[in-house]
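As the structure is a computational prediction, the values presented were derived from the model and not from experiment.
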Amino acid sequence: MSTITYSKKVLKEFTNPKNMGEIKSPDGVGKVGNPACGYIMQIHIKVDKNKSGKEILKDIKFKTFGCAAAIATSSMITQLAKGKTLDEAEKITRNDVAESLEGLPPVKMHCSNLASDALKKAIEDYRKKKKLKKIIPAVTAASSVVVMGK
Amino acid sequence: MKTIYMDNAATTRVDDEVLKEMIPYFTEKYGNASSMHFFGQEAKSALEKSRKIIAKEIGAKSEEIIFTSGGTEANNLTLKGLFFWNKENETGKNHIITTRIEHDCILNTCKWLERQGAQITFIDVDAEGFVNLKELENAITDKTIVVSVIHGNNEIGTIQDLEAIGKICKKKGTLFHTDACQSFTKTTLDVKKQNLDLVTLNAHKIHGPKGVGALYIREGIKIVPLFHGGGHERKIRSGTENVSSVVGFGKAIEVANKKDIEKMIVMRNKIIDGILKIPNTRLNGAAPLTETKKGLFNKAPEEKRLCNNVNISFNNIEGESIGGYLETFGICTSTGSACASHSLESSHVLKSIGLTPVQANSTLRISISKYTTEEEVNFLLEKLPQVVDKLRKMSPIA
Ligand SMILES: Cc1ncc(COP(=O)(O)O)c(C=O)c1O
Ligand code: FES
């Protein structure tokens, strides 16, 4: 079995992941599963407004069941997204994540999909809840695992 | 940081005595075994000495041993050599029987032979990885060339009952081959008792050099060579013999001993017991012999698990991650996880004993050797629960 070689940056993020955990009563939750390997990534976000009144990601936390690359991309995306406006955060692509990690082996690119998709889902979830809250206050919609396509 | 090597199923450290024995064959006794002069004869006699050691170890005759570049070549030679001999001689036989838990070099050779017109039957195994003997017997037809079954499995350590399979093959009149790379010197391997017609062996799993192996071919069996050339090795394997490595191979067998096997069994059991104390874990492969008394090796026929193999699945965390965190403590292991390999396909061996792809990806293989120390085992058993705990806290699955 031939093995994979990771960049130094991937190994650093894998062994010392940042923003691991959960947020108590999060504003948005994104959970994504990958059919190729069965792995699951979960992102919790807390939203706040900045001085100019734009919504930003005040806090972000991840939990991941997955390979070393999945853990590294989780850690990386939380760092890339933290403090960004929702619109900016949504635009983070899997390539942005991979680049910040000094590259990922080709077969591991889908691991960064997990990260960008989980973040998008979390923001989507937040927006959906906000809309609902306008109609019926105090709704807490549980988010389900969404299996993404290849 | 001290490194701890626990991946001996992949390969092993060369024994000092083996290396010492090999060195003169690079610098002083460097002759070509086919040469008539003194240098050649010196090389030739070294070659024959190793051949004798190997033959004796498995109860064969010297003339029945062919040196190869390793296990991969010996397995390729077996299946391709037999298939093409039958094709060339128009025997009408084109059927090969093997199992679902073979090493890639058997599996991929079979897949390739299928495209050359071979018919392949893959026999299922049970939850512990034992071949279904009834299914095997029923699969044999008058077109069957050979039944090829791995002896000790490289991933899950299960040792097949070769004697029982040998009896079936004899009764049905078909050839019987085993890939014994992992089991060689570790458990009983006897070509007569087990009715073996061909046996694949290699050196680098038993503290010998890499790139050398052997194929036992019972006298009288016809086989087409993979390599054509000067007609070395009874015309079955042309190419100047790798004398230094063959010498190392022979020495590796000589230094292998029961005491080391017993030591490994005791340590393996300690590792298994220690890891299974972690909640939500399961041992993959055959149940080990649990007695830890002296004379364990003499119970070899009862031992159904390789003395150096531990394979464990951990719920809700991933194998590559476990291995990666262990490596931060210097502990080198291997994983059944597809995610550590270039293909995302999870282990076919773990799948065939009934693990789901996710369970297969949550697997760690620890393989020890005679060099593994008590201290190293204790260190592993101290660090592994911490690693599992850390990863489980990171896992979004409760
Ligand atoms: C069971 C088994 N068969 C065959 C091989 C291949 O042997 P080699 O590396 O000598 O080609 C190995 C190990 O790599 C093995 O474990
Ligand atoms: S998440 Fe599938 S291999 Fe990394």
- Item | Shortest non-hydrogen contact between Glu318(B) and Ala68(A), atoms and distance | OE1-N, 4.3 Å
- Item | Min side-chain heavy-atom separation Asn361(B)-Tyr39(A) under 4.5 Å |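 Contact flag for Asn361(B)/Tyr39(A) side chains = yes.
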- Please examine the side chains of Thr328(B) and Leu11(A), heavy atoms only from C-beta on, and report whether any two atoms are closer than 4.5 Å.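 Counting from C-beta outward, Leu11(A) and Thr328(B) never come under 4.5 Å.
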Heavy atoms of other groups near [X] [atom1], more than 12 under 6.0 Å:
X: Lys210(B); atom1: NZ; answer: yes
X: Lys46(A); atom1: NZ; answer: yes
X: Lys49(A); atom1: NZ; answer: no
X: Lys8(A); atom1: NZ; answer: no

- Look up atom CD1 in Ile397(B) and atom CD in Gln42(A), then write down how far apart they are to the nearest 0.5 Å. 10.0 Å
- Message: Just verifying a value: how many Å separate Glu327(B) CD and Phe14(A) CZ, rounded to the nearest 0.5 Å?
- Response: 9.0 Å
- Under 4.5 Å from any heavy atom of chain B - which part of Ala70(A): neither
- Give, as side chain, backbone, both or neither, the part of Pro17(A) having an atom under 4.5 angstrom from any heavy atom of chain B.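 Looking at Pro17(A), just its side chain touches chain B.
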- Evaluate the side-chain contact (heavy atoms from CB on, under 4.5 Å) criterion for residues Val358(B) and Phe65(A): first the C-alpha distance (whole Å), next the side-chain angles of each, then the deciding distance (0.1 Å), finally the verdict. CA-CA 10 Å; Val358(B) 173; Phe65(A) 161 48; 3.5 Å; yes
- Message: Under the criterion side-chain contact (heavy atoms from CB on, under 4.5 Å), I'd like the reasoning laid out for Ser321(B) against Ile71(A): C-alpha separation, chi angles, the key distance, then a yes or no.
- Response: CA-CA 8 Å; Ser321(B) 300; Ile71(A) 291 170; 3.5 Å; yes
- Interface residue of largest heavy-atom contact number with chain B, from Glu22(A), Met20(A), Met41(A), under 4.5 Å: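 The residue among Glu22(A), Met20(A), Met41(A) with the greatest pair count is Met20(A).
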